K.L.:
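I am attaching a structure below and will ask some questions about it afterwards.
Owing to the predicted nature of the structure, the values given are computational and were not obtained by experimental measurement. First listed ligand is number 1; within each ligand, the first listed atom is number 1.
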Amino acid sequence: MPARLSDAFKSHPLNLQLKHPDFSSLQELPDSYAWSQNDDQYPSSPGSFGAEQDSVPVIDLSDPNALKLTGHACRTWGVFQVTNHGIPSKLLDNIESAGRSLFSLPVQQKLKAARSPDGISGYGFARISSFFQKLMWSEGFTIFGSPLDHFRQLWPQDYNKFCNIIEEYEKEMKRLAGRLMWLMLGSLGISMEDVKWAGPKGDFRDASAALQLNSYPACPDPDRAMGLAAHTDSTLLTILYQNNTSGLQVLREGTGWVTVPPLPGALVVNVGDLIHILSNGLYPSVLHRAVVNRSRHRLSIAYLYGPPDSVQISPLSKLLGPSQPPLYRPITWNEYLGTKAKHFNKALSSVRLCAPLNALVDVSDHNSVKVG
Ligand SMILES: C=C1C[C@]23C[C@@]1(O)CC[C@H]2[C@@]12CCC[C@@](C)(C(=O)O1)[C@H]2[C@@H]3C(=O)O
Ligand SMILES: O=C(O)CCC(=O)C(=O)O
Ligand SMILES: [Fe+2]
């Protein structure tokens with residue numbers, strides 16, 4: 001197994017020739033982008049079962065009950081929005097306009113910063129594209145480590161300005177992610193001595209992270225297109241900023257797809273597969289997707305947060321006991337990304353140690369989620 005995150009995809013390169021059309025010039029959806037029920041095994045429309053649709057929790061981080069509320073949201077939804085998170089709104093505006101500027105460059109220019117088939121950083125299709133027959137109506141740009149070389153290609157004059165925005169955004173996100181980790185873990189009764197890799201100050205100093213900029217152009221036939229297919233994130237947690245256009249949906253058992261509405265200034269937090277493992281399944285990672293719309297261009301920026309390279313993630317010993325055996329084997333972030341590249345939504349099941357005797361459905365196998 002490669003030791004560095006940047007090498008995680010060496011054994012599973014994405015061999016798709018990236019060549020999107022100029023989205024804005026298309027009056028009709030090309031067949032290669034037209035999804036049918038068969039291309040996506042999940043229910044196709046937002047849930048309308050039940051009289052009232054419940055909504056994703058919104059947590060004010062300055063609320064004295066934030067710890068309890070976070071734990072509850074993680075157990076029951078695997079996703080929540082946060083307000084009063086301390087990220088300056090100017091920085092959110094800046095990252096949004098950096099994304100806008102990047103995706104509005106001519107295709108030939110963007111391709112100068114194309115992600116290599118076995119690489120992690122750069123412009124390209126979502127990595128999960130190889131699992132589907134149809135293409136997704138989106139473009140992505142992944143940043144891992146310094147974006148300098150790619151940004152020099154994209155903006156020969158202005159690259160410094162954009163590098164500074166990314167640096168500032170990553171610094172602020174890292175701080176918020178550490179804080180969210182303690183809200184999530186604290187609510188399970190986990191403290192600093194239980195997580196040595198949080199570092200001497202408990203600030204997760206050596207954590208790794210990637211930044212993913214997603215662009216979803218307006219689409220002539222949104223009901224047949226897919227922005228980003230249903231997946232869970234291969235992270236500890238993900239912090240997502242979405243512009244003022246909705247599109248993110250989460251799958252809620254018994255309900256169906258629930259839209260996560262953009263709230264001014266709020267950020268979405270997803271429980272990722274590695275917290276699912278760390279919590280021994282107490283916090284399920286959330287299955288989510290992005291849909292597109294006819295008239296508005298949507299942007300989202302995901303901060304994908306994971307453990308330091310060398311750390312093996314396994315169920316926390318404090319959560320184990322005679323009737324709570326560890327459900328997952330230890331795994332590093334690199335190795336998990338490689339596993340995801342191979343098994344996609346069955347990756348969690350593939351690291352599972354044993355099926356619980358009393359369970360017919362493995363909750364971590366998102367292919368067996370029952371809705372309705
Ligand atoms: C660290 C990572 C998680 C991610 C793959 C990546 O190397 C960088 C991009 C991430 C992303 C964003 C869009 C959805 C996703 C499934 C994908 O194809 O690329 C996630 C990957 C993931 O969480 O598994
Ligand atoms: O655009 C969105 O709302 C979802 C993006 C996402 O799921 C991701 O980047 O992992
Ligand atoms: Fe995601």
K.L.:
Would you mind listing which atoms of ligand 2 come within a distance below 4.0 Å of any non-hydrogen atom of His288?
P.N.:
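Per the distance check, 7 (O).
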K.L.:
Determine, considering heavy atoms only, which of Val291, Leu228, Leu299, Asn214 sits nearest to atom 9 (O) of ligand 2.
P.N.:
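Selected option, by shortest heavy-atom distance: Asn214.
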K.L.:
For ligand 2, is any non-hydrogen atom under 4.0 Å from Thr238's backbone (N, CA, C, O), its side chain (CB onward), both, or neither?
P.N.:
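Near ligand 2, Thr238 shows nothing, with every heavy atom at 4.0 Å or more.
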K.L.:
Below a 4.0 angstrom heavy-atom separation, can you tell me which part of Leu240, side chain or backbone, both or neither, approaches ligand 2?
P.N.:
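Side chain only.
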K.L.:
When you look for heavy atoms under 4.0 Å from ligand 2, do you find them on the side chain of Arg289, its backbone, both, or neither?
P.N.:
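None of Arg289 does.
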K.L.:
Give the atom name of whichever N/O/S atom in His288 sits closest to the Fe ion (ligand 3).
P.N.:
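Distance check against the Fe ion (ligand 3) picks out NE2 in His288.
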K.L.:
Could you tell me whether Lys340 and Asp273 make a salt bridge, using a distance below 4.0 angstrom between a side-chain N and a carboxylate O?
P.N.:
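Judged by the 4.0 Å cut-off on N to carboxylate O distance, Lys340 and Asp273 do form a salt bridge.
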K.L.:
Taking the ring centre of each residue, are Trp155 and Phe162 less than 6.0 Å apart?
P.N.:
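For Trp155 and Phe162, the ring centres are under 6.0 Å apart.
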K.L.:
Please could you name the atoms of ligand 2 that Ala302 approaches to less than 4.0 Å, counting only its heavy atoms?
P.N.:
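Every atom of ligand 2 under 4.0 Å from some heavy atom of Ala302: 9 (O).
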K.L.:
Suppose we only allow N, O or S atoms; which atom of Asp233 ends up nearest to the Fe ion (ligand 3)?
P.N.:
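So the atom name we want here is OD1.
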K.L.:
Under a 4.0 Å N-O cut-off, is there an ion pair linking Glu170 with Lys174?
P.N.:
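Looking at Glu170 and Lys174, the cut-off is not met.
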K.L.:
Could you check whether any side-chain heavy atom of Arg252 comes within less than 4.5 Å of a side-chain heavy atom of Asp54, counting everything from C-beta outward?
P.N.:
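Yes, side chains in contact.
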K.L.:
Any atoms of ligand 2 less than 4.0 Å from a non-hydrogen atom of Arg298? List them with their elements.
P.N.:
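Under 4.0 Å from Arg298, ligand 2 has these atoms: 1 (O), 2 (C), 3 (O).
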K.L.:
Quick one: which ligand 2 atoms are inside 4.0 Å of a heavy atom on Tyr216?
P.N.:
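The atoms of ligand 2 under 4.0 Å from a heavy atom of Tyr216 are 1 (O), 2 (C), 4 (C), 5 (C).
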K.L.:
Measure the spacing between OG of Ser97 and NZ of Lys161 and express it to the nearest 0.5 Å.
P.N.:
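Interatomic distance, Ser97 OG to Lys161 NZ, rounded to 0.5 Å: 7.5 Å.
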K.L.:
Does atom CD (Gln312) have a neighbourhood of more than 12 heavy atoms from anything else shown, all under 6.0 Å?
P.N.:
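Enclosed: over 12 neighbouring heavy atoms sit under 6.0 Å from CD of Gln312.
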K.L.:
Would Leu319 end up clustered with Leu278 when hydrophobic side chains under 4.5 Å apart are linked, directly or stepwise?
P.N.:
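They do share one cluster, since a chain of ILVMFWY contacts under 4.5 Å joins Leu319 to Leu278.
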K.L.:
Taking atom CD of Gln133 as the centre, does the number of heavy atoms from other residues, nucleotides or ligands within less than 6.0 Å exceed 12?
P.N.:
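At most 12 heavy atoms, drawn from other residues, nucleotides or ligands, come within 6.0 Å of this atom.
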K.L.:
What are the atoms of ligand 2, with element, lying closer than 4.0 Å to any heavy atom of Ser300?
P.N.:
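What qualifies from ligand 2 is 1 (O), 2 (C), 5 (C).
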K.L.:
Do Arg175 and Asp203 meet the salt-bridge criterion of a basic N to acidic O distance under 4.0 Å?
P.N.:
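Here Asp203 does not pair with Arg175 in a salt bridge, since their nearest N and O are not under 4.0 Å apart.
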K.L.:
Are Asp221 and Arg224 within salt-bridge range, i.e. N to O under 4.0 Å?
P.N.:
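Salt bridge between Asp221 and Arg224, a charged N being under 4.0 Å from a carboxylate O: yes.
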K.L.:
Indicate yes or no: at least one non-hydrogen side-chain atom of Leu61 is less than 4.5 angstrom from one of Leu183.
P.N.:
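When only atoms from C-beta onward are counted, Leu183 and Leu61 do touch, with a gap below 4.5 Å.
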K.L.:
When you look for protein heavy atoms under 4.0 Å from ligand 1, which residues do they belong to?
P.N.:
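Correct list: Phe9, Ile120, Ala126, Arg127, Ile128, Thr142, Gln212, His231, Asp233, Ser234, Leu304, Trp333, Leu337, Lys340.
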